[in-house]
2 protein chains.
Amino acid sequence: MGTKERRQREFEDREQVFLDCARDLIRDEGLLNLQMSRIAEKSEYAVGTLYKHFASKEDLLLALAAVDTEKHVAMFQRATQWQAKARDRMVAIAVADMIFVRRNPDFFRLGQYVFTEVVWKAASTERRQAMLVASDPIADMVTGIVNDGVAAGELELRGMAAEEICTGLWALSAGTHNLVHAEGVLEDFNIRDPYRLMCRHTQVMLNGYGWRPLVDVGDGAALDALIKRICNEVFDDLCSE
Amino acid sequence: MGTKERRQREFEDREQVFLDCARDLIRDEGLLNLQMSRIAEKSEYAVGTLYKHFASKEDLLLALAAVDTEKHVAMFQRATQWQAKARDRMVAIAVADMIFVRRNPDFFRLGQYVFTEVVWKAASTERRQAMLVASDPIADMVTGIVNDGVAAGELELRGMAAEEICTGLWALSAGTHNLVHAEGVLEDFNIRDPYRLMCRHTQVMLNGYGWRPLVDVGDGAALDALIKRICNEVFDDLCSE
DNA sequence: ACAATTCGTGAATAAGATTCACGAATAAAT
DNA sequence: ATTTATTCGTGAATCTTATTCACGAATTGT
């Protein structure tokens with residue numbers, strides 16, 4: 001009598017099939033040209049079936065973004081659990097961002113879009129909730145590193161809450177994502193290696209908080225060496241460079 | 001024979017009428033519910049007339065965002081031209097951001113949306129160009145202040161280009177906008193006074209670049225005094241607090 | 001006064017998202 | 001084994017909106 005279970009399993013697997021097809025279509029034809037009927041066609045199901053899984057197009061997009069976010073968070077987790085000084089782990093978070101965006105070029109574009117009022121409000125409460133749950137661990141991870149740094153005497157809060165420092169670093173990262181996205185959208189806008197720049201600014205901001213030892217940001221070689229070390233020790237399987 | 005001129009003038013004024021109506025509709029009913037037919041109805045013109053002015057809905061949104069950007073840039077210009085030390089002018093830029101967003105709560109939401117791949121690509125080349133032209137002065141203004149600071153011996157580049165420092169500050173600002181937007185979109189997300197925090201992080205980051213005298217970020221009172229001074233001296237007419 | 005041109009109009013069209021009545025497949029009951 | 005009930009995928013039909021364009025009124029030129 002496992003038929004019911006098999007059915008259930010098939011239904012769940014199908015959601016993944018739809019998401020994969022949608023992702024392929026976005027990659028090949030762009031978010032702009034994504035059509036529900038094309039997703040159905042590509043996955044060889046009827047449109048009605050697609051709507052059994054997703055309340056709306058926006059819902060599907062949010063589901064897609066949530067999957068990305070889970071992978072993104074998993075990268076952060078590796079950085080967080082790395083056995084190293086808080087200072088290096090903080091840069092590792094930035095490197096995780098860098099690697100992730102390079103490997104998933106559509107990620108931010110989609111993320112940007114789904115967090116738009118228009119899309120967000122058009123999606124179902126469940127998907128919104130799933131998205132929030134997926135991104136929930138991030139703040140704790142970063143705050144945790146800041147607190148570790150303080151505990152180890154490497155960082156001074158200087159009257160700020162750990163969460164506020166965290167917010168500054170987060171803004172830096174979100175702003176850099178914006179910038180990377182702008183490179184794709186604007187024609188003549190081009191900043192060389194924006195995520196490397198973000199790593200440096202992370203160090204500079206932490207310098208501002210009396211992070212010890214202070215980083216000599218003039219020495220790009222030191223940063224590059226650290227990035228390479230992080231790639232080797234933390235993201236071995238993902239770094240080809 | 002001024003009839004032709006009058007006609008021409010009427011045509012140009014109408015564009016403003018459409019934009020005003022669209023803005024009102026967005027304020028009252030949200031971007032999500034904005035419909036071209038409603039804009040036409042509200043402005044008491046036919047849809048066809050609306051389309052004589054805007055190639056598409058996205059085109060209209062981009063035009064709307066460009067107007068906002070011009071006002072935004074005008075605020076920055078006031079900060080830039082303020083007769084004060086580079087250090088204070090840099091904070092004045094941040095304060096300009098703060099005041100502008102508070103007075104135009106829909107601004108960033110719209111800006112976020114139009115810079116989305118989906119909207120950007122759907123708009124006409126002319127509007128895109130107008131948007132780029134409108135935001136063009138910003139980078140120069142900020143880089144200018146950084147260079148002034150370096151020339152006055154208040155800031156060390158430490159091996160970074162002025163543009164790179166500028167990018168860091170820009171990322172901080174863009175990230176904060178993101179955060180402010182998130183407060184509107186997400187239900188339970190709430191950061192007290194995000195722009196004040198941005199001002200502080202601007203100071204911290206500049207501390208990291210050896211800005212002199214270094215700012216004691218622990219002293220929130222000093223920052224608040226500076227913000228109040230900027231409101232009085234630069235944005236007198238816009239600050240009620 | 002008449003022809004030519006410009007310009008606003010809104011009904012018609014187009015594109016795409018979303019629905020839902022249907023029938024096939026499966027499960028339950030006899 | 002046969003009948004009845006239920007579940008589930010289907011895709012043609014519907015609905016919503018953006019967008020177009022043929023028309024006629026207003027204006028200009030002769």
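Proteins get letters first, then strands, A, B, ... in listed order; numbering begins at 1 in each. Just so it is clear, the model here is predicted, and its values are computed rather than measured. As a basis for the values below, the full set of heavy atoms in this structure was taken, side chains included, without hydrogen atoms, waters or symmetry mates.
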TODO: Please list, chain by chain and in numerical order, all residues satisfying ring pair (Phe, Tyr, Trp, His ring centres under 6.0 Å) with B:F108, sequence neighbours excluded.
DONE: B:H177, B:H181

TODO: Describe the nucleic acid contact of B:L34 in one word from base, sugar-phosphate, nothing, applying a heavy-atom distance below 4.0 Å.
DONE: sugar-phosphate

Task: side-chain hydrogen bond (donor to acceptor under 3.5 Å, both in side chains): pairs with one or both residues in residues 60-70 of chain B, sequence neighbours excluded - done: B:R23-B:D68

TODO: Could you list the residues that satisfy side-chain contact (heavy atoms from CB on, under 4.5 Å) with B:R14, not counting sequence neighbours?
DONE: B:F11, B:F18, B:Y45, B:T49, B:H53

TODO: Give, ordered by number, those residues of residues 18-29 of chain A having at least one heavy-atom distance below 4.0 Å to an atom of DNA chain C; if nothing qualifies, reply none.
DONE: none

Task: Whole-Å distance separating the CZ atom of B:F11 from the P atom of C:dG8 - done: 7 Å

Open item on the list: For nucleotides 19-24 of chain D, give me one character per nucleotide, 5' to 3': B if any protein heavy atom sits under 4.0 Å from the base, S if the only such contacts are to the sugar-phosphate, - if neither.
Closed with: BBB---

Task: Side-chain touch A:V47/A:I39, heavy atoms, less than 4.5 angstrom - done: no

Task: Which residues share a side chain to side chain donor-acceptor pair (under 3.5 Å) with A:E117, sequence neighbours left out - done: A:K121

Task: Whole-Å gap separating P (C:dG16) and CD (A:E41) - done: 13 Å

Task: Residue pairs passing the ring-ring contact (aromatic ring centres under 6.0 Å, His included) test where at least one lies in residues 122-145 of chain A, sequence neighbours excluded - done: none

Side-chain atoms of residues 135-142 of chain A: list all donor-acceptor pairs with protein atoms under 3.5 Å, sequence neighbours left out, distances to 0.1 Å.
| residue | atom | partner | partner atom | Å |
| --- | --- | --- | --- | --- |
| A:S135 | OG | A:M131 | O | 3.1 |
| A:S135 | OG | A:L132 | O | 3.3 |

- [ ] Determine: side-chain N/O of B:R14 to OP1/OP2 of C:dC7, distance under 4.0 Å, yes or no.
- [x] no

Task: Partner set under side-chain contact (heavy atoms from CB on, under 4.5 Å) for B:R27, not counting sequence neighbours - done: B:D24, B:D106

